[in-house]
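Only one structure is covered here, and it is reproduced in the block below.
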Amino acid sequence: MASRGYAGAMMKTFGAVEHTLTVAAVDDVTPHYRRITFDAPTLFDGQPIEPASWVRLWVPDPRRPGREHQRGYTLLDPDPETRRVSIEFLIHEPAGPASAWAAQAGTGDTVQVTRWASGHFAPPDPAPDGYLLVGDAASLPGINAILAALPDTAEVRVHLERHQEHDTLIPVTPHPRATVTWQPATGDPAALADAIEERDWSNWYAWVTAESAATKHVRARLKDLGFPRGDAKARAYWIRGQAMGTGRDHTPGEETPTTGTTRNHPATPTAAGAPAGASAGRAGSGGSAAASAGWRSRAGARLLAPLRGRLLLAGAFQAVVSLVQLAPYLLLVELCRRLLTAGPQAEGLAGLGVGALALMGGGAALAGLLVAAMHVLDARFGHRVRADVVGKLARLPLGWFTERSSGRVKQAVQDDAESVHYLVTHAVLDVVAALVAPLAVLVYLFTVSPALAAVLLAPLLAYLVMSARMVQASAAELAGFTVWERRVGAEAVSYVDGLTVVRAYDAGPAGGFRALLGERARFLERWQRPLVRRRTAVDLVTRPLTSLLLIVVAGAPMAAGGLLATADLLPFLLLGATFGSQLLAAAFGLGSVRDALAAARRIGLLLVEPELPEPRLPRPLPGAAGRTVRFEGVGFGYDARRPVLSGVDLEFAPGTVTALVGPSGAGKSTLAALLARFHDVDAGRITVDGVDLRELSQAELHRTVGFVFQDVSLLRASVHDNIALARPNASREEVERVARAAHVHDRIARLPDGYDTVLGERARLSGGEAQRLTIARALLADAPVLVLDEATAFADPESEHLVQRAISELVAGRTVVVIAHRLHTITGADAIVVLDGGRVVQRGTHETLLAAPGLYRDLWQAAAAPLETLT
Amino acid sequence: MMIFDVLRLAGDRAAVVRYLVLLVVSAAVRAGAVLTLVPLLGALFSAGPGAAAGWIALLAALVAAGWAADRAVAAAGFAIGFELLSGMEARVVDRLQRIPLGWFTAGRRAEAQRALTSSGRELCQGVAHLLTPVAGALITPPLIGAGLLLVAWPLGLVALAAAPVLLGAMWASGRCLRAADDAYTAASAEAGQRVIELAQAQPALRAAGRTGVRGTAVGRALDRQRSAALRLIGFSLPGQVLFGLATQAALLGLVATAVVLGVTGELGGAQVVALVIVAVRFAEPFATLAELSPAMEALRGTLTRVRSVLDAPVLGADAPAPVVPDPGAPALELRDVRFGHEPGRDVLAGVSFTVERGTTTAIVGPSGAGKSTLLALVARFHEAREGSVLVAGHDVRRYDPAALMGGLGIVFQDVYLFDASLYDNVRLGDPDAPDERVREAASAARLDEVIERLPDGWDTRVGERGAALSGGERQRVSIARALLKDAPLLLLDEATAALDAANERAVVAALESAAGRRATVVVAHRLSTIARADQVVFLEDGRVAEAGAPAELLARGGRFAAYWRQREQAAAWTLA
């Protein structure tokens with residue numbers, strides 16, 4: 001086999017798996033751009049091929065016979081069925097090895113590839129506002145693969161540098177929202193960077209793969225434009241004037257022979273899973289900090305910014321503490337030295353003991369102090385973060401509060417806050433301690449004897465190589481594992497939830513689920529069993545006894561040969577056996593730091609959600625009893641390109657009931673939500689007595705517009721407080737009055753402590769009772785405009801009539817808008833508005849609408865809801 | 001000891017014994033290797049490297065033997081682990097089948113789900129990666145201490161005394177940290193709950209202008225959490241410092257003892273040094289234990305979860321010989337049945353009624369009256385506390401569980417579909433039925449319309465938990481399944497929202513089609529269903545308030561009649 005130099009040897013050592021690809025078809029896309037389709041029988045058995053996955057291609061070096069050399073290429077259109085995959089090559093003169101190979105490749109030729117340490121493109125989470133892709137013909141295959149992987153809704157800018165006339169003929173993957181610009185290469189390496197316009201690139205994601213000098217300029221430009229480091233992936237694909245030949249060299253990057261160079265990095269950047277924390281940890285560094293203030297990816301850094309200085313200080317302090325705690329061992333070394341040189345009667349042994357005792361006490365005291373300080377810091381910080389979240393909630397549009405966002409709030413104030421708590425009180429200190437102690441030992445040992453210290457690194461290296469090989473060997477199973485976990489998790493949930501039915505049909509689901517569990521167990525065993533021996537071996541090399549044996553076996557001859565004093569073995573024997581395993585443990589500690597940084601980012605993201613604009617000078621409503629609500633040319637959509645409502649003109653008069661009717665998806669609920677300013681309209685305006693909703697203060701708005709929706713939310717507070725939520729100063733008499741009106745007073749009276757009963761702990765209410773309680777709440781709030789979801793009446797058939805009576809009580813005398821689900825309940829409405837596809841298609845009363853053909857009559861007939869009677 | 005608790009789960013006793021023996025051998029070899037350091041270093045430091053060569057060879061041999069032993073331990077551990085991996089989850093499934101449904105609180109449900117998804121893997125990893133090093137670290141120090149007794153008995157005594165002290169310190173540290181974590185989590189959950197409530201109550205709170213933290217329930221909860229977090233220092237501080245301090249003190253004690261032995265002239269300088277180094281090795285395993293203790297905590301959690309399921313009560317089998325249905329007896333008879341989910345609060349407080357063969361009985365009553373519980377008792381998802389439930393003449397407890405289920409058709413509100421094709425899901429009702437009957441059942445349940453609409457028809461995958469179908473469609477699958485099963489007793493819990501009126505009528509007609517052959521007990525909400533029943537049982541507060549034919553009860557003008565009128569009013573209600 002041809003020599004692959006240092007890089008090849010390294011890959012081999014670390015367990016790179018090789019695949020042979022056979023050329024199946026060659027297709028010249030343009031005169032200098034060639035697509036080769038390969039049969040890849042084994043490639044698909046390994047780790048899954050994700051969008052823009054790439055491989056290292058080993059090709060013979062034409063100028064240095066007997067040597068092979070690698071270059072990264074993007075895998076295109078992988079097809080696991082036919083086990084085929086394509087790679088596109090830029091053919092250029094003078095050619096680099098890969099280009100030369102591709103230029104003469106014919107059907108049946110083979111080439112070796114490895115996916116060792118190769119990445120792929122994964123869209124960042126949360127999705128950026130847009131993608132900026134910068135490159136040239138050499139990196140176009142990768143960019144094309146990314147374009148194919150991006151969602152249709154993403155805005156994309158593609159900047160390509162044209163080095164040859166034919167470059168523009170290479171097809172670019174079409175994307176509905178992509179703008180592609182070819183920038184002619186002028187010889188000025190900054191040209192490509194200058195072509196990137198000055199604008200607000202906040203929350204964009206950049207991917208730069210161009211010529212080396214151009215990449216450097218683009219990177220600098222992006223930094224100036226405010227891109228945080230984690231959001232701009234830049235890697236050079238090739239270097240002008242280097243490697244092959246002279247003049248205009250279009251050799252894709254790093255095709256230099258691989259001997260001795262450490263620059264054999266993948267030619268495609270690995271964008272996947274850039275740890276958000278990596279950039280977050282360097283909050284506010286450099287001049288771009290201000291420019292990138294609005295970036296979501298900086299959210300975690302911004303949240304932690306007030307802590308950053310103190311955490312650094314704490315880390316430094318912990319380093320000192322660790323060294324103090326290490327010092328007794330140095331005294332131990334000294335003790336042993338004296339014992340060896342002067343025997344047990346040596347001077348000052350007691351002094352050493354006292355010193356050790358003092359250091360131990362001091363170390364413990366300092367450590368305790370640090371722990372206490374961190375807890376105080378954390379308590380303050382945690383409180384501030386939660387208070388910020390609470391404050392934020394009050395400024396978010398009500399439309400933001402969906403079930404999913406409630407989950408986010410929960411995650412932020414509980415799990416994520418706990419992660420950050422762990423970061424502050426434990427993780428940072430632990431990592432510093434775990435790193436400082438073994439590193440200090442290592443440095444110390446190197447000062448005693450570099451040769452013997454170097455010997456101790458051997459098990460560590462062996463560990464790294466062996467575990468890397470193990471990870472490499474498990475790549476495919478690791479992906480499979482995730483799939484299995486998800487599948488079994490979902491099945492287990494439904495299995496336990498559906499246990500009643502499972503029992504009734506034992507043979508079926510139970511059998512199926514049992515089989516699934518068995519299959520999963522077999523998968524895990526197939527995966528793990530062959531690894532047992534390796535795992536044990538990995539475990540054994542890092543054992544203290546192994547290191548100890550190494551010290552004795554290597555140290556004794558050294559001492560015999562006079563290379564080191566016998567007494568110099570002491571520090572090794574006392575300290576050298578465990579530092580390796582300690583160092584490895586530090587790596588695990590980093591995991592929780594990463595988790596905490598991700599958690600901080602989630603909290604930060606919550607805090608930068610767009611807020612509902614509050615009017616600077618709120619307008620008061622004119623004093624009046626009833627309120628008239630008017631929709632004027634209202635248009636709205638949750639997503640700018642898909643309007644839910646358009647051109648809605650309506651008027652709701654005081655003392656009338658208006659029913660919203662229409663098929664599901666017609667926009668009924670959205671219209672009602674806009675009235676309570678859950679969202680702001682995109683077009684037109686909504687007014688109450690002539691005042692735009694957006695000009696009202698929040699308090700006035702919610703005093704004016706009330707609503708009763710399907711999902712009932714009761715607080716874990718007393719019944720009284722639950723009813724008096726919107727009017728905390730209401731007297732017990734007032735509360736009782738509305739409870740009676742809502743037909744829930746009798747039920748409350750039966751609760752253990754009446755109106756003072758705390759809900760949720762001892763007292764649970766049925767669905768219908770809870771609904772009546774919220775109706776009482778709305779009655780007390782006494783908002784003149786009321787939005788009502790009539791589906792309310794469905795929840796609890798037995799108490800339905802009581803809920804209905806409560807509703808009748810509630811609507812009297814207000815401006816009522818009701819979302820109707822059962823047509824026969826709104827036949828008496830003063831006005832019926834029929835919506836379809838976000839527009840008002842009909843309006844009138846039940847009688848007028850039924851009299852003429854139209855959507856309402858169709859709906860009425862389809863429902864054909866006859867009253868059930870006893871026959 | 002948790003180690004034994006885990007190993008007890010493994011079925012193969014011989015493998016466990018083998019593993020334990022190997023563990024001891026491996027620890028003994030390791031202790032031997034450490035003790036070899038005494039003569040080795042003594043020779044090395046007093047007489048030079050040449051004199052130590054023999055001992056170095058012995059150390060090398062012992063380390064190699066230790067590797068071999070550890071390898072064997074690992075293999076034995078993995079063997080047990082793989083057995084747990086493949087067997088544990090199936091055992092959990094088996095147990096879940098026989099636990100009364102009343103046992104499943106929300107918390108236990110979640111525990112059971114986790115036990116199902118990860119207990120095998122976690123236990124396997126636990127044995128292989130955790131128990132082995134932990135057991136090794138526990139056994140080795142006493143062995144070293146015992147060995148030291150032979151070399152320098154005072155030192156051996158100190159070592160043997162230090163071991164329990166260190167373990168105690170580690171335990172105390174762990175307790176403190178756990179207490180701190182628990183307190184923090186509790187305070188955090190309380191504050192979190194308040195914030196979530198706040199999010200839900202935004203509109204009302206905004207109307208009242210009460211959205212800040214000052215003087216509100218949320219603000220108070222956050223303040224409480226802050227003080228709770230500060231109080232944690234009292235737990236965290238000893239937790240984080242105690243064990244390290246104990247280790248260093250133990251080391252100091254050992255070293256001092258060795259030095260004193262030197263000073264008193266019992267040992268030479270080189271020997272003291274050798275013993276100091278052995279003392280450091282002696283303390284090492286405790287550091288390993290401390291590092292592994294969080295993982296041990298996690299394993300303890302897994303173990304608790306698995307045990308809680310495996311030790312849960314199961315529905316007993318009373319009869320020595322299971323009975324067969326008596327064709328002459330009523331389809332169902334309840335005799336003074338009492339049942340409660342918790343002691344002292346009966347959901348059913350003495351219910352008796354009879355369902356004759358081929359008739360339909362509607363169970364009616366306000367929510368919380370115990371209607372669904374009643375059906376669950378018939379299906380033996382729970383056990384009656386007093387009284388008896390007789391299906392076809394025999395108490396349900398006397399049936400073989402499979403035989404009892406074989407005689408029941410069940411359509412409950414929670415529909416379980418498994419992730420397979422529609423066809424397979426319906427087919428479940430009778431795996432041996434010819435295709436034709438499967439189709440008949442589907443069309444009777446109005447499932448045929450759904451099948452026509454779906455691109456893959458019968459072969460449509462329903463997705464996890466039937467996610468590809470709507471609630472009403474899932475309900476129809478469940479009905480088709482029960483129709484196909486064609487059991488003599490059908491238990492039907494009327495899903496209030498899942499079917500629209502038109503489908504409901506068709507389904508009721510289909511269910512009636514077998515009238516005469518099949519008895520039906522239906523928890524009914526719809527007036528049409530109630531009206532068609534042969535018998536109405538009106539439940540209130542866990543008792544039968546009234547029972548009889550619907551028209552008869554209506555004429556009587558009692559509770560049922562009042563209920564009926566309310567329902568009629570509700571159906572005719574208009575908003576304005």
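Below, chain A is the first sequence line, B the second, and so on; all start at residue 1. Just so it is clear, the model here is predicted, and its values are computed rather than measured.
- Here the side chains of A:Leu715 and B:Leu198 are not in contact, with every heavy-atom distance at 4.5 Å or above.
- No part of A:Leu575 comes within reach of chain B, as not one of its non-hydrogen atoms sits under 4.5 angstrom from that chain.
- Considering only heavy-atom pairs separated by less than 4.5 Å from chain B, the leading option among A:Leu396, A:Val496, A:Thr546 is A:Val496.
- B:Val276 has its side chain within reach of A:Leu574: a pair of non-hydrogen atoms, C-beta onward, lies under 4.5 Å apart.
- Rounding to the nearest 0.5 Å gives a distance of 7.5 Å between OG1 of B:Thr185 and NE2 of A:His421.
- Using a 4.5 Å cut-off between heavy atoms, B:Gln240 contacts chain A through its side chain alone, with no backbone atom that close.
- Contact of the B:Leu116 side chain with the A:Val488 side chain is not registered, since no non-hydrogen atoms from C-beta on lie closer than 4.5 Å.
- Ranked by heavy-atom pairs under 4.5 Å with chain A, the list B:Val73, B:Val34, B:Val63 is led by B:Val63.
- The two residues B:Tyr184 and A:Asp378 come nearest to each other via the heavy atoms CE1-OD2, 4.5 Å.
- Interface check for chain A: of the options B:Gly50, B:Gly120, B:Ala60, the most heavy-atom pairs under 4.5 Å are formed by B:Ala60.
- The closest side-chain donor-acceptor pair between B:Asp223 and A:His383 falls under 3.5 angstrom.
- Ranked by heavy-atom pairs shorter than 4.5 Å toward chain B, the options A:Ala659, A:Pro728, A:Pro328 are led by A:Pro728.
- At a 4.5 Å heavy-atom cutoff, the contact between A:Leu393 and chain B is made by backbone and side-chain atoms alike.
- In terms of non-hydrogen atom pairs under 4.5 Å with chain B, the most contact-rich of A:Val552, A:Val532, A:Thr536 is A:Val532.
- Within the 4.5 angstrom heavy-atom criterion, no atom of B:Leu408 approaches chain A.
- Looking at A:Arg522, neither its backbone nor its side chain comes within 4.5 Å of chain B, counting heavy atoms on both sides.
- A distance of 11.0 Å separates CG of A:Leu339 from CZ of B:Phe45, quoted to the nearest 0.5 Å.
- A donor-acceptor pair under 3.5 Å is absent between the side-chain atoms of B:Gln248 and the main chain of A:Met360, judged by distance alone.
- The one candidate from B:Val273, B:Val280, B:Leu41 that meets the side-chain contact (heavy atoms from CB on, under 4.5 Å) condition with A:Leu573 is B:Leu41.
- Neither the backbone nor the side chain of B:Ala128 comes within contact range of chain A; no heavy atom of the residue lies under 4.5 Å from a heavy atom of that chain.
- Of the two parts of A:Leu701, neither the backbone nor the side chain holds a non-hydrogen atom closer than 4.5 Å to a non-hydrogen atom of chain B.
- At a 4.5 Å heavy-atom cutoff, the contact between B:Ala189 and chain A is made by backbone and side-chain atoms alike.
- If you tally non-hydrogen atom pairs under 4.5 Å between each of B:His129, B:Glu291, B:Arg427 and chain A, the highest count goes to B:His129.
- Looking at A:His702 and B:Gln202, their side chains never bring a donor and an acceptor atom within 3.5 Å of each other.
- Scanning both residues, A:Gly368 and B:Leu237, for their nearest heavy atoms gives O-CD1, 3.0 Å.
- Heavy-atom pairs under 4.5 Å with chain A were tallied for B:Arg114, B:Gln193, B:Gln569, B:Glu284; the largest tally goes to B:Glu284.
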side-chain contact (heavy atoms from CB on, under 4.5 Å) assessment of A:Leu548 paired with B:Leu37: CA-CA 10 Å; A:Leu548 211 59; B:Leu37 289 174; 3.4 Å; yes
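- Contacts of A:Ala560 with chain B are made by both backbone and side-chain atoms, with heavy-atom separations under 4.5 Å.
- Options B:Ile410, B:Val272, B:Asp70, B:Ile56 differ in how many heavy-atom pairs under 4.5 Å they form with chain A, and the most are formed by B:Asp70.
- Options B:Leu96, B:Leu232, B:Thr264, B:Leu40 differ in how many heavy-atom pairs under 4.5 Å they form with chain A, and the most are formed by B:Leu96.
- For B:Ala256, no part lies under 4.5 angstrom from a heavy atom of chain A.
- By the 4.5 Å heavy-atom criterion applied to side chains, B:Ile233 and A:Val371 are not counted as neighbours.
- Of the possible donor and acceptor atoms, one in the side chain of B:Arg194 sits under 3.5 Å from a partner among the backbone N and O of A:Arg716.
- In summary, A:Arg514 and B:Glu89 do not engage in a salt bridge, as defined by a charged side-chain N under 4.0 Å from a carboxylate O.
- Per-residue heavy-atom pair counts under 4.5 Å with chain B were compared for A:Val409, A:Val553, A:Asp721, A:Leu540, and the maximum is reached by A:Leu540.
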Candidate pair A:Leu570 and B:Ile277, rule side-chain contact (heavy atoms from CB on, under 4.5 Å), full reasoning: CA-CA 8 Å; A:Leu570 286 170; B:Ile277 289 166; 3.9 Å; yes
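- Crowding of A:Arg395 atom CZ: a count of heavy atoms from other residues, nucleotides or ligands under 6.0 Å exceeding 12.
- Under 3.5 Å, the side chains of B:Gln225 and A:Arg386 contain a donor-acceptor pair of N or O atoms.
- A:His375 is linked by a ring-ring contact (aromatic ring centres under 6.0 Å, His included) to nothing, counting only residues two or more places apart in sequence or in another chain.
- Atom-to-atom distance recorded for B:Leu85:CG and A:Leu524:CG is 5.5 Å, nearest 0.5 angstrom.
- Nearest approach of B:Ala270 to A:Leu340, heavy atoms of both residues: CA-CD2, 3.9 Å.
- Among A:Arg533, A:Met558, A:Arg338, the residue making the largest number of heavy-atom pairs under 4.5 Å with chain B is A:Arg533.
- Under the side chain to side chain contact (heavy atoms under 4.5 Å, CB included) criterion, A:Gln528 pairs with A:Leu531, A:Arg535, B:Phe82, sequence neighbours left out.
- In terms of modelled atom types and a separation under 3.5 Å, the side chain of B:Gln113 and the main chain of A:Val493 share a donor-acceptor contact.
- When heavy atoms are compared at a cutoff of 4.5 Å, B:Leu62 does not approach chain A at all.
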Worked check of side-chain contact (heavy atoms from CB on, under 4.5 Å) between B:Thr132 and A:Asp539: CA-CA 11 Å; B:Thr132 306; A:Asp539 204 30; over 6 Å; no
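- Contact of A:Arg520 with chain B is made through the side chain alone, with heavy-atom distances under 4.5 Å.
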Derivation of the side-chain contact (heavy atoms from CB on, under 4.5 Å) call for B:Thr117 and A:Glu485: CA-CA 8 Å; B:Thr117 46; A:Glu485 284 306 282; 5.6 Å; no
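- Annotation: maximal heavy-atom pairing with chain B below 4.5 Å, among A:Arg543, A:Gln325, A:Arg380, occurs at A:Arg543.
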